[in-house]
Visitor: 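I'd like to ask you about the structure that follows.
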Amino acid sequence: MSRVLIVGAGLTGSICACLLRRELQSKVHIVVWDKSRGAGGRMFTSRPPNASSHSADLGAQYITATPAYAQSHHSFYSELLSAGVLQPLSCQIEGLRQKDDSKNYMAPLGMGSVVKHFLSESGADLFFEHHVTGLYHCGASWEVEKKAGGRETFDAVILTMPVPQILQLQGDVEQLLSVHQKQQLDGVVYSSRFAVALFFSPGDVFSFSWGARYISDSHCICYIAADSRKRNLDSPGLGPSLIVHTSVPFGLEHLERDKEDVQPIILQELHRLLPGLPQPISIKCHKWRYSQVLTSVPDCPGHMTILDQPLLVCGGDAFCHSNFDGCVESALSMLSALKASL
């Protein structure tokens, strides 16, 4: 049985783990490590500090299926819809530039539930707060080093974290990359932004009617969503939640500042845009240093193989494009590489 390590419990890593289990079944022992305290990556759903409020999607807000991918990825959408993980997005979204032939879906339990679905299906051994710092080629296997100390051995390693974090790894990765591969990875560009989740008391009511709104007249905020309303949740015992995303220019301008210093600026602008907002019972600010991919690896099949034997491959939206379908495409391409190698 081959031991396969997937680094990153986000969407690409979770789908890859699920596909690997379904294709190779008992031939592989799948292990997933993530440096965070929970699964989801950029599809992370934040629970409120107080259980009296709804959760909030800090990253991806909904999934858009274009006609081409709705057909080629039909099995993925069908699985998630039949399991109740996804449902059609029906709330009012102001300022949405919607193509008539695209379909939008939301996750009633939060976008993190999409990732958790695939991880559950994979049967993988899942470990959080496992921050990979180094990869060392040792004969027919890889020794993987953790920030907390110690190394473990695997027959194949799949890297799905943001490209800058791959390039920061110690060990043998840098010398195994060709000049061309290094140039391609160096060319990947991410947007950066801040996300603020506000959690409210039961009984608090928003004065506006929309579920989400794209903002065009703010230097700071580009998107606001009443997250519980976006997910069609009407739970009298739970307070509503609100999510705010900053614009890309604002995120870039304040990227190196502490989120505690940036949060008041965002809240001041939020109250300008929504002056009648109730007082939240708690607030959570998150800095997405690596948000959406602005420039991906060009002419890429969805993954990059750094070494064939033992296999070291990297994938994710940086090797395709930055949405649900891009992550599915990347996972499918990595599956092909794994099946050829194991």
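No experiment lies behind these values; they were computed from the predicted model shown.
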Visitor: Shared ILVMFWY cluster between L80 and L11, side chains joined below 4.5 angstrom?
Guide: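 Both belong to a single hydrophobic cluster.
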
Visitor: Please confirm whether the ring centroid of Y77 lies under 6.0 Å from the ring centroid of H74.
Guide: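 No, ring centres 6.0 Å or more apart.
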
Visitor: Would you please say whether a donor-acceptor pair under 3.5 Å links the side chains of S90 and N232?
Guide: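 There is such a pair (donor and acceptor under 3.5 Å, judged by atom type) between the side chains of S90 and N232.
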
Visitor: Taking L19 as the starting point, is it possible to reach L338 by hopping between hydrophobic residues whose side chains are less than 4.5 Å apart?
Guide: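 In one cluster: yes.
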
Visitor: Quick one: closest heavy-atom pair of G123 and R21, and the distance?
Guide: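 So the minimum-distance heavy-atom pair works out to O-NH2, 4.1 Å.
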
Visitor: Do E129 and K35 meet the salt-bridge criterion of a basic N to acidic O distance under 4.0 Å?
Guide: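 Looking at E129 together with K35, the answer is no, because their closest N to O distance does not fall below 4.0 Å.
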
Visitor: Using the rule that two of Ile, Leu, Val, Met, Phe, Trp, Tyr join whenever any of their side-chain heavy atoms come within less than 4.5 Å, decide whether M161 and W288 are in one cluster.
Guide: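 No, it is not one cluster - the side chains of M161 and W288 are not joined through contacts under 4.5 Å.
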
Visitor: Is the distance between the ring centroids of F324 and Y105 under 6.0 Å?
Guide: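 Distance test on ring centres: not under 6.0 Å, no.
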
Visitor: Starting from V196, can I reach F208 by hopping between I/L/V/M/F/W/Y residues whose side chains sit under 4.5 Å apart?
Guide: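 Cluster IDs for F208 and V196 match.
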
Visitor: Could you tell me which residues satisfy side chain to side chain contact (heavy atoms under 4.5 Å, CB included) with E79, sequence neighbours excluded, listed by chain and number?
Guide: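 Applying side chain to side chain contact (heavy atoms under 4.5 Å, CB included) to E79 gives R22, H117, F118, E121.
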
Visitor: Can you tell me how far apart CD1 (I221) and CZ (R213) are? Round to the nearest 0.5 Å.
Guide: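 It is 10.0 Å, given to the nearest 0.5 Å.
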
Visitor: Taking only residues two or more places apart in sequence, or in another chain, which ones meet K103 in a salt bridge (charged side-chain N to carboxylate O under 4.0 Å, His left out)?
Guide: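 K103 satisfies salt bridge (charged side-chain N to carboxylate O under 4.0 Å, His left out) with no other residue.
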
Visitor: Do the two ring centres, one from F200 and one from F206, sit under 6.0 Å apart?
Guide: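 Ring centroids of F200 and F206 are less than 6.0 Å from each other.
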
Visitor: Please determine whether a side-chain nitrogen of the Lys or Arg among E152 and R3 lies less than 4.0 Å from a carboxylate oxygen of the Asp or Glu.
Guide: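 So E152 pairs with R3 through a salt bridge.
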
Visitor: Test of understanding: clusters of I, L, V, M, F, W, Y form through side-chain heavy atoms closer than 4.5 Å, transitively. Do I15 and L311 belong to the same one?
Guide: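 Yes, same cluster.
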
Visitor: Is it the case that E94 and Y214 place a side-chain donor and acceptor less than 3.5 Å from each other?
Guide: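 On atom types as modelled, these side chains do not qualify, holding no pair under 3.5 Å.
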
Visitor: Looking at every non-hydrogen atom in both residues, tell me the closest pair between K230 and M106 and how far apart they are.
Guide: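 K230 and M106 have their closest heavy atoms at O-CG, 3.7 Å.
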
Visitor: Are side-chain N/O atoms of D261 and H254 paired as donor and acceptor at under 3.5 Å?
Guide: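 No, because no side-chain N or O of D261 sits under 3.5 Å from a partner of the opposite role on H254.
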
Visitor: Should E329 and H73 be marked as a side-chain hydrogen bond (donor to acceptor under 3.5 Å, both in side chains) after you check the CA-CA gap, both sets of side-chain angles, and the distance that decides it?
Guide: CA-CA 9 Å; E329 284 290 284; H73 295 164; 2.7 Å; yes

Visitor: Show your reasoning for whether side chain to side chain contact (heavy atoms under 4.5 Å, CB included) applies to Y190 and V163.
Guide: CA-CA 9 Å; Y190 293 83; V163 166; 3.8 Å; yes

Visitor: Decide whether a cation-pi geometry holds between R151 and Y136; the criteria are a distance under 6.0 Å from NZ or CZ to the six-membered ring centre and an angle within 45° of the ring axis.
Guide: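 Relative to the ring axis of Y136, which defines the angle, R151 lies inside both limits.
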
Visitor: Check whether the ring centres of W33 and F154 lie less than 6.0 Å apart, and answer yes or no.
Guide: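 That pair passes the under 6.0 Å test.
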
Visitor: Do F76 and D325 have side chains that get closer than 4.5 Å, going by heavy atoms?
Guide: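 SC-SC contact between F76 and D325 ruled out.
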
Visitor: Please report the shortest heavy-atom distance between L167 and K182, naming the atom on each side.
Guide: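 Scanning both residues, the minimum pair turns out to be CD2-CD, 4.2 Å.
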
Visitor: Of all the heavy-atom pairs spanning S122 and I30, show the shortest one and how long it is.
Guide: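 Closest heavy-atom pair between S122 and I30: O-CD1, 4.3 Å.
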
Visitor: Is any side-chain heavy atom of I224 less than 4.5 Å from a side-chain heavy atom of L273?
Guide: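 Side-chain contact under 4.5 Å: yes.
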
